Each structure stands twice: as C-alpha cells, then as structure tokens.
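One structure below.
Counting starts at 1 for both ligands and their atoms, in listed order. Because only heavy atoms are used, hydrogens play no part in the values below, and waters and symmetry mates are left out as well, while side chains stay in. These numbers were taken from a predicted model, which means no experiment stands behind them.
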Amino acid sequence: MKEKILVTGGTGYIGSHTVVELQQAGYEVIIIDNLSNSNADVVDNIEKITGIRPTFIKLDCLDFDGLKAAFEAHKGIKAIIHFAASKAVGESVQKPLLYYRNNLVSLINLLELMPQYGVEGIVFSSSCTVYGQPDELPVTEQAPIKKAESPYGNTKQINEEIVRDTVASGAPINAILLRYFNPIGAHPTALLGELPNGVPQNLIPYLTQTAIGIREKLSVFGDDYNTPDGSCIRDFINVVDLAKAHVVAINRILEKKQEEQVEVFNIGTGRGLSVLELIHAFEASTGVKLNYQIVGRRAGDIEKVWANPDRANKVLGWKAETSIEDTLRSAWNWQLKLRERGIQ
Ligand code: UD1
C-alpha cells in the first residue's frame with residue numbers, strides 16, 4: 001500500500017471517481033465529506049469497484065477542530081486532494097456569503113493544518129472559469145485571469161491566490177492547481193456518476209434526465225453566439241480521464257518532481273464541441289432521440305472556451321483518452337442505472 005491521501009469531497013462527482021483511481025494506483029484513501037451534495041452509499045460503490053473500502057469521515061471542512069481530530073486519528077497523511085466546495089454558479093449569485101465561507105474557509109483550514117501534520121502537498125480543484133471569455137483559443141495557463149462572472153468563479157480565483165500566497169510565505173507546501181474544463185460522463189461500471197440535487201443546472205444531467213423522460217425538454221441556451229452553429233462551445237472532459245489527472249498530480253508531488261512549488265495545469269481534451277454538436281453526438285452514440293428547443297441565452301454564460309492541454313500532456317504525461325461517444329454512453333448508462341435503482 002502506498003501513501004495515505006486525504007480526499008475532501010470524496011463522495012462527490014469528481015471526488016468519487018478520483019478515489020477509485022487513487023485506490024487502483026495503490027494509494028490508501030481517507031475521504032472527508034459533509035454529504036451536503038452526495039450520499040454515503042457512494043462509499044459502498046467505490047468498494048464494489050475496487051474491492052477496497054476507503055475510510056470515510058462525515059465532516060464539514062469548515063469544522064477546524066473536526067479536521068484537526070481527523071489528522072490526529074489518521075497520522076501520516078502525505079497529501080490532500082481538495083474537492084469539497086459549493087459549485088452551482090447560479091446559487092452562488094443568490095448566496096454569495098455561503099460560497100465565500102464554504103469555499104474559502106475550507107481551503108484555509110486545510111492549509112493551516114497541513115504543516116502541523118507534515119502533509120506535503122495539495123491538489124486543488126480549480127476551473128477554466130478563471131479565464132472568463134479568453135481572448136485567444138485554445139486557452140493556455142498563461143492567459144490572463146479575467147474578472148470573475150460569479151461568486152463561485154471568484155472563489156476559484158481567490159483560492160488559487162490563497163495557495164500562492166501561503167506558499168510564498170514560506171509554508172512547506174507543494175501545490176498543483178488543476179483547472180478543469182467541463183467534466184462529464186460516469187464510471188464505466190455505472191456505479192458512480194453525477195447525481196445532482198433537484199433540477200440539474202448543468203448540461204449533461206439535464207440532457208440525460210430529458211432523454212429518460214424525467215424532464216420534458218432540454219433548453220439550449222442560445223443559438224446566436226459567434227460560433228459555427230450559434231450555440232456555446234465547451235471542452236467536455238471525461239470524468240475518469242479527469243480523475244486520472246489527479247493521480248498523476250499526486251505522484252508528481254510525492255516524487256518531488258515539481259519544477260515550482262505551485263504548478264498549474266489545464267485539464268481538458270483540447271477539443272471544443274458546441275452544445276448542439278454534443279446533443280447530436282449523444283443521439284448518434286446512444287440511439288436515443290432527444291427532445292430539445294432553442295431558447296434565449298443564459299445570463300453569465302461564456303461564449304466559447306476550450307483548453308490547450310499541452311502542458312498537462314508534456315509535463316504531467318497525462319492525456320484525455322476517452323472518446324466523446326464512449327463518454328456520452330457512460331452518462332446514459334448511469335442514468336439508466338439510476339432508474340433501475342429507483343433513484344431517478
Ligand atoms: C460552468 C463553469 C465551470 C463550473 C460549472 C459548474 C465556465 C466556463 N464554466 O460550466 O467552471 O465548474 O459551471 O456548474 O464558467 N446548457 C444548455 N442547457 C442546459 C444547461 C446548459 O444549453 O439546460 C449550456 C450552457 O448554456 C453552456 C453549456 O451548456 O453553454 C454547458 O453548461 P454547464 O453544463 O452548466 O457548464 P458551464 O456553464 O460551461
């Protein structure tokens with residue numbers, strides 16, 4: 001068994017897939033999650049896939065004393081992957097203080113405790129949202145950080161700064177900031193996937209819920225953008241591929257291969273796909289017809305963004321591998337499995 005890794009938000013969508021990949025790479029995993037947007041049975045499903053039950057602690061990362069107790073109880077944690085955060089863009093506009101408190105204080109608590117418990121490194125879940133609408137595409141890590149469009153986006157920018165400032169102050173912390181593009185899909189076993197609370201805000205869960213008949217129609221937000229078919233363009237990255245990027249980042253930190261104490265990587269495919277192209281790819285790869293309509297633009301949407309993932313490809317030796325067809329089929333199989341389990 002390799003080193004102990006703490007995964008906050010480890011029962012969430014990206015977190016759970018990452019726990020599986022970490023375990024399959026031989027790491028011992030401790031999950032901390034407050035279950036605010038996930039379910040404890042995710043731990044059972046992780047065990048079904050890997051044959052290993054990760055340690056699970058139900059805890060909010062805002063609880064400094066609780067975190068301290070967790071580090072005391074599990075001595076020898078070598079690195080943290082910090083997923084735990086609130087992530088709904090719209091909700092963040094309604095409840096900015098909730099977002100600033102949750103997302104900033106959680107990270108601050110972890111950074112404060114890391115040196116006390118000899119935790120060497122942290123991988124932070126950042127987002128392409130930090131670029132806003134980039135001036136040049138595909139966007140590289142050197143692109144300027146634009147003023148955030150939402151409190152959610154702002155927490156990602158501020159958290160990147162918090163990590164940089166903490167490291168610059170001399171803290172013995174090594175960090176990798178991963179800027180995710182649009183994660184989609186589910187585990188090929190259909191035992192893990194995205195399970196939004198209530199009406200989904202993101203494209204794929206809304207799409208698969210429409211395809212299975214939970215929602216009547218998918219609304220495509222705008223067909224008058226400056227793109228070939230008028231709909232927005234995103235870089236849709238398979239969630240298992242994304243999870244694997246975390247394992248590589250952890251290896252890099254623990255093997256002390258970093259060139260700088262804080263490194264940043266785009267995690268995307270390098271390929272932009274429009275919302276309409278994605279819908280057609282879903283229909284073609286699953287054979288399921290989708291009921292959709294074009295409606296007006298959604299406030300705050302970026303017109304087009306896709307990654308230049310060269311740095312991750314070269315420096316991390318990581319590359320997105322799964323085809324969009326396989327990814328969309330995995331999202332659909334997950335939705336079918338939820339129905340089978342009577343969940344949705
Ligand atoms: C945004 C953020 C991302 C963040 C995510 C979390 C950017 C560029 N991205 O992703 O960092 O992690 O929110 O929620 O800021 N769409 C429809 N109909 C729907 C839903 C979505 O047409 O019912 C369209 C949107 O207009 C957008 C695309 O699908 O063009 C993707 O939307 P979504 O899945 O919500 O993700 P982003 O807004 O790109």
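With ligand atoms numbered from 1 in the order given, ligand 1 contributes 30 (O) to contacts under 4.0 Å with heavy atoms of C232. Of all atoms in ligand 1, numbered sequentially from 1 with element shown, those under 4.0 Å from a heavy atom of S127 are 3 (C), 11 (O). Interface of S219 with ligand 1, defined as ligand atoms under 4.0 Å from a residue heavy atom, comprises 17 (C), 18 (N), 19 (C), 22 (O), 23 (O). Contact atoms of ligand 1 toward V275: 22 (O), 24 (C), 28 (C), 29 (O), 30 (O) (distance under 4.0 Å to a heavy atom of the residue). Heavy-atom proximity to V220, at under 4.0 Å, picks out these atoms of ligand 1: 22 (O).
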- May I have the step-by-step check of salt bridge (charged side-chain N to carboxylate O under 4.0 Å, His left out) for E72 and K75, ending in yes or no? CA-CA 6 Å; E72 284 290 344; K75 289 262 167 61; 3.2 Å; yes

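Between atom 23 (O) of ligand 1 and the options L203, L218, I14, the minimum heavy-atom separation is to L218. Residue nearest to atom 36 (O) of ligand 1, selected from T129, N182, V305: N182 (by heavy-atom distance). Among R215, Q209, Q201, K87, the residue whose heavy atom lies closest to atom 20 (C) of ligand 1 is Q201.
Residue Y152 places a heavy atom less than 4.0 Å from ligand 1. Within the 4.0 Å heavy-atom cutoff, A88 does not count among the residues contacting ligand 1.
The local environment of CZ in R271 is sparse, with at most 12 non-hydrogen atoms from other residues, nucleotides or ligands closer than 6.0 Å. Few gaps surround CD on Q142; more than 12 heavy atoms of other groups in view lie less than 6.0 Å from it. Other residues, nucleotides and ligands contribute at most 12 non-hydrogen atoms within 6.0 Å of the CD atom of E216. Atom CZ of R53 has more than 12 heavy atoms from other residues, nucleotides or ligands within 6.0 Å.
Not a single donor-acceptor pair under 3.5 Å links the side chain of H187 to the backbone N or O of H17.
The protein heavy-atom contact nearest to atom 32 (O) of ligand 1 is R298 NH2, 3.5 Å. Nearest protein heavy-atom contact of atom 27 (C) of ligand 1 is R234 NH2, 3.7 Å. At the top of the distance list for atom 16 (N) of ligand 1, counting protein heavy atoms only, stands F221 CD1, 3.6 Å. Ranking protein heavy atoms by distance to atom 26 (O) of ligand 1, first place goes to D301 OD2, 2.5 Å. Looking from atom 14 (O) of ligand 1 to the surrounding protein, the closest heavy atom is N202 ND2, 3.0 Å. Given atom 8 (C) of ligand 1, the protein heavy atom at minimum distance is I302 CG1, 3.8 Å.
Taking both residues in full, the closest heavy atoms of A186 and L192 are given as CB-O, 3.3 Å, listed atom of the first, atom of the second, then distance.
Classification of D326 and R329 as a salt-bridged pair holds, one side-chain N sitting under 4.0 Å from a carboxylate O.
Using cut-offs of 30° and 60° for the angle between ring planes, the H246 and F83 rings count as tilted. Classification of the W332-F282 ring pair by plane angle, with boundaries at 30° and 60°, yields perpendicular.
For ligand 1, the polar-atom distance check finds no N/O of V89 at less than 3.5 Å from any of the ligand's N/O atoms. Residue-to-ligand polar distances keep Y206 apart from ligand 1: every N/O pair is separated by 3.5 Å or more.
The only option from R298, R297, K304 that meets the salt bridge (Lys or Arg N to Asp or Glu O under 4.0 Å) definition with D301 turns out to be R298.
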